[in-house]
Amino acid sequence: AVVSTQSTGEERVLCLEAWREFETKHGNDETQDAIKKKMPRRVKKRRKIDVEEGGEGGWEEYWDYIFPDTEANSSNLKFLQMAKAWKKQQDDDDSDSEEDDEDDDEDAAD
């Protein structure tokens, strides 16, 4: 866990590859399967190049790694963010309806 929070993807990959090589030579099937499950997927991504002069910089393609533990966390995080947004919307809707009820009560008192 320390490696995942304090290093770049490339450093993690190098560490995992060394671990996989060790398990290939000295480990059993179970330990080899465990390390295979930790290996990342390599994906090509694009990012916009920022140019200070205001001109168009174009796009840069680069390779990134998606680790299984990070991928699982990000999907859970997205779910939690969506749930939080839904809850906020529900609270906003409830507060709007309460204000309408107060306005109706004031009108009835007049």
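Computed from a predicted model, the values in this text were never measured in an experiment.
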Enquirer: Between CD of E21 and NE2 of H26, what distance do you get to the nearest 0.5 Å?
Expert: 9.0 Å
Enquirer: So if I apply the side chain to side chain contact (heavy atoms under 4.5 Å, CB included) rule between E23 and each of T31, D33, D29, which one comes out positive?
Expert: T31
Enquirer: Between L16 and M39, which heavy-atom pair has the shortest distance, and what is it?
Expert: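 The answer is CB-SD, 3.6 Å.
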Enquirer: Using a 6.0 Å distance limit plus a 45 degree cone around the ring axis, check whether R12 lies over the aromatic ring of Y65.
Expert: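 No - R12 does not lie over the ring of Y65 by the 6.0 Å and 45° rule.
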Enquirer: Between K38 and F67, which heavy-atom pair has the shortest distance, and what is it?
Expert: O-CD2, 4.1 Å
Enquirer: Which atom pair, heavy atoms only, marks the closest approach of K37 to P68?
Expert: O-CG, 3.1 Å
Enquirer: Just so I know, are the side chains of V13 and E10 near enough to count as touching, which here means a heavy-atom distance under 4.5 Å?
Expert: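 The answer is no; the side chains never approach within 4.5 Å.
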Enquirer: Count the heavy atoms of every other residue, nucleotide or ligand shown that sit under 6.0 Å from CZ of F79, and state whether that count exceeds 12.
Expert: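 Counting neighbours around CZ of F79, 12 or fewer heavy atoms of other residues, nucleotides or ligands fall under 6.0 Å, so no.
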Enquirer: Kindly compute the distance separating CD (E30) from CD1 (I35), expressed to the nearest 0.5 Å.
Expert: 13.5 Å
Enquirer: Rounded to the nearest 0.5 Å, how far does CD of Q32 lie from CZ of R20?
Expert: 10.5 Å
Enquirer: Using a 6.0 Å cut-off, check whether atom CH2 of W59 has over 12 heavy atoms from anything other than its own residue.
Expert: yes
Enquirer: Strictly below 4.0 Å, N to O, side chains only: are D91 and K87 in salt-bridge contact?
Expert: yes
